[in-house]
Amino acid sequence: MRCSCINCIVPPHILLRLVESDKKELRQIAMRTLLTTTRLRGQRSIRANLTLSNMGAAQRTVYDCRNSTNLSGARVARTEEGQASSDAAVNRVFDGLGATRDFYKEVYRRDSIDGRGMRLNGFVHYDRDYNNAFWDGSEMVFGDGDGMLFSDFTGSLDVIGHELTHGVTETSAGLVYHRQSGALNESVSDVFGSLVKQWSLNQSAEDADWLIGADIFTPAIAGDALRSLKNPGSAYDNDIFGKDPQPDHMSRYDDLPDTEEGDFGGVHINSGIPNKAFYIVATEIGGYAWEAPGHIWYESLKASSPTTDFRGFAELTFMMADRLYGAGSREQQAVASAWQEVGVRVPPVVARMETPPRARRGNGQAQREEDSLAALSRQVAALAEQVSALSREVNSAKPRRVSTRN
């Protein structure tokens with residue numbers, strides 16, 4: 001199962017806010033960006049069939065759209081064998097693709113986005129004043145921004161890491177882009193987008209800014225960003241966009257319509273809840289967030305099913321902390337307390353995943369063992385989801401009190 005969606009870094013609620021602006025130019029730019037994204041979603045089912053042919057030793061190629069929306073007509077601007085370009089946007093994307101590729105390779109032993117050496121294609125100068133960047137299942141595409149509210153989308157490494165991580169999610173868990181599974185999809189991209197930046201800068205969890213898109217969002221306004229993992233709901237607060245609507249606790253979960261205008265159930269909004277959980281885990285454990293916290297989240301992602309919800313993912317992270325670091329370990333305690341702090345209950349007793357000791361064997365055998373563990377983890381996740389659903393059904397079927405009054 002695959003996620004059939006266009007994953008954009010700028011959520012629709014921000015663009016819809018701009019459509020209501022009293023400035024004609026901002027309204028026109030926002031409307032054009034929304035219409036272009038809608039058209040792209042209509043083409044997604046066709047482009048999805050091209051993904052499997054996009055293989056090739058994780059080689060990078062950057063294309064210049066020359067302000068067109070026709071990707072097939074874009075010209076090659078830089079390749080793995082070529083020299084640096086005179087275009088700064090081309091070089092930023094080339095370096096960002098490489099940094100994300102190397103991050104997954106060196107930290108999690110993942111061979112490119114799909115784990116099988118998928119080619120990394122980036123397209124710059126997409127459309128005119130296009131206020132977004134997106135992953136379409138095959139490649140990364142960057143707009144130049146309008147120069148007023150958004151600068152060039154190639155200027156933020158965490159944005160590049162975020163969008164490419166949608167490819168990691170799509171080719172592993174395949175989290176469906178609706179409601180809680182969709183919010184998890186967005187959260188995973190925020191988490192690993194931030195980790196790519198932290199790893200590149202050699203920052204500890206305490207030193208990181210935990211912001212997404214701070215380098216490209218409203219360049220005239222200091223200190224804001226598209227999202228904050230550290231403090232969801234505080235990334236921005238101004239007259240242009242209003243206040244950041246992200247919740248940091250399940251009590252403030254925003255049950256939006258599962259429509260394009262409703263952001264498919266608020267996937268960019270409710271992602272603040274698991275984002276906050278990861279931040280708490282990372283800072284409680286301390287040190288480099290891509291190490292223990294990142295490994296727990298990465299293994300849990302691989303073990304997830306397409307419809308894993310917040311509670312199902314929380315249970316997976318609890319079990320993965322057990323498998324990786326031991327029952328009752330500092331890492332597992334940090335996971336449990338983090339989810340509790342954001343209002344997602346992890347059962348006090350979760351069945352431990354029994355994993356046989358692994359002897360040193362060839363790479364092929366090791367990979368088969370990892371695949372078997374991932375399959376077992378998905379079965380556990382599916383069972384956990386069934387139990388959660390049954391529990392909710394039982395709770396909703398409480399007997400009504402019969403009135404004895406006339």
Side-chain angles (χ1 to χ4, degrees), residues 3 7 58 99-118 135 158 160-175 181 183-200 203 205 208 210 212 229 271 274-285 287-306 308 310 312-326 329 331-332 334-335 338-339 353 355 358 366-367 369-378 380-381:
C3 168
N7 303 111
T100 305
R101 175 194 63 187
D102 295 346
F103 167 78
Y104 277 106
K105 182 73 170 180
E106 295 183 25
V107 179
Y108 304 116
R109 296 187 299 173
R110 187 180 186 90
D111 185 8
S112 191
I113 300 309
D114 64 347
R116 298 183 296 165
M118 180 178 181
W135 165 262
D158 48 68
I160 296 175
H162 171 105
E163 292 300 329
L164 287 178
T165 297
H166 278 304
V168 174
T169 297
E170 183 174 341
T171 55
S172 54
L175 290 167
S181 60
L184 275 175
N185 193 319
E186 279 298 327
S187 175
V188 166
S189 279
D190 277 351
V191 164
F192 286 97
S194 182
L195 292 186
V196 169
K197 180 171 69 174
Q198 293 176 37
W199 180 76
S200 178
Q203 290 179 329
W210 294 100
I212 299 296
L229 285 77
S271 57
N275 277 358
K276 179 71 173 185
F278 182 83
Y279 167 78
I280 294 170
V281 171
T283 51
E284 282 197 14
I285 294 175
Y288 293 125
W290 62 81
E291 292 181 342
H295 278 281
I296 292 170
W297 249 245
Y298 178 67
E299 294 299 327
S300 299
L301 173 66
K302 292 196 301 180
S304 295
S305 70
T308 296
F310 288 179
F313 193 76
E315 291 173 353
L316 279 173
T317 59
F318 186 82
M319 290 187 289
M320 286 301 175
D322 178 355
R323 179 163 77 86
L324 294 173
Y325 303 102
S329 61
E331 291 81 3
Q332 190 180 46
V335 167
W339 287 112
M353 295 172 58
T355 58
R358 296 180 60 188
Q367 183 62 51
E369 289 179 353
E370 288 186 1
D371 291 344
S372 297
L373 286 174
L376 175 61
S377 300
R378 291 190 184 95
V380 172

Using modelled atom types only, decide if a donor and an acceptor are shared between the side chain of [X] and the backbone of [Y] within a distance under 3.5 Å.
X	Y	value
S189	H162	yes
T308	S305	yes
S194	D190	no
T169	N185	no
D158	K197	no

Which heavy atom in [X] sits nearest to a heavy atom in [Y], and how many Å separate them?
X	Y	value
S172	R110	CB-NH2, 4.2 Å
G161	V196	CA-CG2, 4.3 Å
E186	S271	CB-CB, 4.0 Å
F192	G294	CZ-O, 3.8 Å
L184	F313	CD1-CB, 3.7 Å
A58	D111	CB-OD1, 4.3 Å

task = Dump the intermediate steps for side chain to side chain contact (heavy atoms under 4.5 Å, CB included) on M320 and Y298, then the final yes or no.
result = CA-CA 10 Å; M320 286 301 175; Y298 178 67; over 6 Å; no

Can you tell me how far [atom2] of [Y] sits from [atom1] of [X], rounded to the nearest 0.5 angstrom?
X	Y	atom1	atom2	value
D102	S112	CG	OG	10.5 Å
K105	T100	NZ	OG1	15.0 Å
M118	T171	CE	OG1	7.5 Å
T165	W135	OG1	CH2	10.0 Å
E315	W339	CD	CH2	10.5 Å
W199	F103	CH2	CZ	7.5 Å

request  = Measure the acute angle between the ring planes of Y108 and Y104, then classify it against the limits of 30° and 60° as parallel, tilted or perpendicular.
outcome  =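 If you compare the ring of Y108 with that of Y104, the planes turn out tilted.
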
request  = Evaluate the criterion side chain to side chain contact (heavy atoms under 4.5 Å, CB included) for residue pair L316 and L301; output intermediate values, then yes/no.
outcome  = CA-CA 9 Å; L316 279 173; L301 173 66; over 6 Å; no

ask   = Checking side chain to side chain contact (heavy atoms under 4.5 Å, CB included) for the pair H295/V107: CA distance, chi angles, key distance, verdict?
value = CA-CA 9 Å; H295 278 281; V107 179; 4.3 Å; yes

request  = For the residue pair F278 and T317, establish whether any side-chain heavy-atom pair is separated by less than 4.5 Å.
outcome  = no

ask   = Would you say W297 and V281 make side-chain contact, with heavy atoms under 4.5 Å?
value = yes

